[in-house]
Amino acid sequence: MFYDHNAVVMDLTSKRQRALSCRYSTGGGNPRLMYAPVKEEVEWDEPRIIRYHDIISDSETEILKNISRPQLSRSETTRGVSKTRTAQGVFLEEDTIVVAPISQRIADITGLSMDSAEELYVQNYGIGGRYEPHYDEWDNENGRIATFLIYMSDVEIGGATVFPEVGIALKPKKGSAVFWYNLHKNGNVDLYTEHAGCPVLRGNKWVANKWICEFGQEFRRPCSLSYGE
Ligand SMILES: O=C(O)CCC(=O)C(=O)O
Ligand SMILES: [Fe+2]
């Protein structure tokens, strides 16, 4: 399938920008964030997509890139090496330097448990690297309830994360992250969360994905019995 991402996106994003809002967040009163609240910006309402600014430092990103570089391999999906995802990636174990504090920060910010989350997945896209439209979760037990996508680089041209169903483009901004729920509270996939990584036209794109899973979130994000919620 071919999407003219730039055309869809530039049009709708500019309309939406008028309603954007920003605030400092303590993750609902988390003690670790009381003295250093995180900068939160609403990118979209439904599905709710939040951008967190300055959540990872330049030195942390350099460490993550340096650790990852020698281990990168072509990204795979459940069907093997992927043609729809032309990037290289690596899962970093929790005891890797700087990884555990990042997981803790994500837990503090989102209020979700990291106990059943996947390991941090660092990805690098070169020129032309892209990831075609997909859902992070479809039908798994302990599915990916939410995605926390950290941008570890700016990208000169291209490389936006786009949501074709809603018409929004999230531009990579080094040190920031975007967060959304893939699943509704009733456990169904939110069909508006289909997203893609646009081709990198100039520059080099680094991201780190933390996929947060369902188990352990029962009291943090209680289920809903309502069909639409
Ligand atoms: O690189 C991006 O902007 C999106 C990456 C993504 O969607 C994924 O790895 O699942
Ligand atoms: Fe994704």
Side-chain angles (χ1 to χ4, degrees), residues 1 3 5-6 8-10 13 41 43-44 47-53 55-56 61 64-65 68 71-92 102 106 110 117-140 143-183 189-214:
M1 210 182 307
Y3 290 95
H5 293 307
N6 290 340
V8 175
V9 157
M10 278 160 80
T13 307
E41 180 178 351
E43 292 267 15
W44 199 259
R48 194 163 173 79
I49 304 173
I50 307 284
R51 166 101 58 167
Y52 295 104
H53 293 275
I55 60 109
I56 176 170
T61 46
L64 287 179
K65 287 179 195 171
S68 303
Q71 304 180 61
L72 292 171
S73 62
R74 261 299 287 277
S75 297
E76 298 192 15
T77 63
T78 44
R79 292 184 209 92
V81 166
S82 174
K83 290 200 189 82
T84 59
R85 186 195 219 178
T86 47
Q88 291 196 310
V90 59
F91 281 101
L92 296 181
I102 293 172
I106 298 172
T110 62
E118 292 178 46
E119 289 174 342
L120 191 70
Y121 187 61
V122 172
Q123 270 189 104
N124 175 226
Y125 303 76
I127 303 277
R130 70 184 196 293
Y131 192 176
E132 288 188 6
H134 66 278
Y135 291 96
D136 282 354
E137 176 50 40
W138 198 246
D139 191 19
N140 291 298
R144 292 167 169 172
I145 190 172
T147 298
F148 198 95
L149 173 64
I150 302 170
Y151 295 108
M152 301 202 298
S153 67
D154 298 315
V155 180
E156 279 176 70
I157 305 180
T161 309
V162 293
F163 286 68
E165 295 295 326
V166 289
I168 181 178
L170 308 173
K171 214 170 150 8
K173 184 183 164 227
K174 189 176 181 186
S176 76
V178 289
F179 170 75
W180 69 87
Y181 281 102
N182 298 301
L183 300 181
V189 173
D190 181 341
L191 296 176
Y192 287 107
T193 61
E194 187 189 39
H195 58 282
C198 287
V200 172
L201 301 182
R202 194 149 98 198
N204 193 350
K205 176 180 175 188
W206 285 88
V207 295
N209 263 300
K210 187 74 178 168
W211 287 297
I212 304 166
C213 298
E214 284 176 281

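Note that the numbering runs from 1 along the sequence shown for the chain. Just so you know, ligand 1 is whichever comes first in the structure, and atom 1 is the first atom listed for that ligand. Keep in mind that what you see is a predicted model, and the values were worked out from it rather than measured.
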Legend entry - Mutual orientation of the aromatic rings belonging to Trp180 and Phe163 [parallel < 30°, tilted 30-60°, perpendicular > 60°]: perpendicular
Legend entry - Thr147 versus Asn182, side-chain donor and acceptor atoms under 3.5 Å: yes
Inset, instruction - Take the Fe ion (ligand 2) as the centre and count protein N, O or S atoms at distances under 2.8 Å. - result: 3
Would you mind listing each N/O atom of ligand 1 next to any protein N/O under 3.5 Å, plus the distance?
| from | atom 1 | to | atom 2 | distance (Å) |
| --- | --- | --- | --- | --- |
| ligand 1 | 1 (O) | Tyr125 | OH | 2.6 |
| ligand 1 | 1 (O) | Lys205 | NZ | 2.9 |
| ligand 1 | 3 (O) | Thr161 | OG1 | 2.5 |
| ligand 1 | 3 (O) | Lys205 | NZ | 2.7 |
| ligand 1 | 7 (O) | His134 | NE2 | 3.1 |
| ligand 1 | 7 (O) | His195 | NE2 | 3.0 |
| ligand 1 | 9 (O) | Arg85 | NH2 | 3.4 |
| ligand 1 | 9 (O) | Gln123 | NE2 | 2.9 |
| ligand 1 | 9 (O) | Asn209 | ND2 | 2.8 |
| ligand 1 | 10 (O) | His134 | NE2 | 3.1 |
| ligand 1 | 10 (O) | Asp136 | OD1 | 3.1 |

Legend entry - Approximate separation, where rounding is to 0.5 Å, of Trp206 CH2 and Met152 CE: 6.0 Å
Legend entry - Separation of Thr86 OG1 from Arg130 CZ (nearest 0.5 Å): 4.5 Å
Legend entry - Set of residues satisfying side-chain hydrogen bond (donor to acceptor under 3.5 Å, both in side chains) with respect to Tyr121, sequence neighbours excluded: Ser75
Inset, instruction - For His134, check ring pair (Phe, Tyr, Trp, His ring centres under 6.0 Å) against everything at least two apart and list the hits. - result: Tyr131, His195
Legend entry - Identified side-chain contact (heavy atoms from CB on, under 4.5 Å) partner of Phe148 from the options Ile102, Asn209, Ile55, Val178: Ile55
Inset, instruction - Kindly confirm or rule out a cation-pi arrangement of Lys205 over Tyr125, judged by NZ or CZ under 6.0 Å from the six-membered ring centre and within 45° of its axis? - result: yes
Inset, instruction - State, with a plain yes or no, whether a side-chain heavy atom of Lys173 is found less than 4.5 Å away from one of Arg51. - result: yes
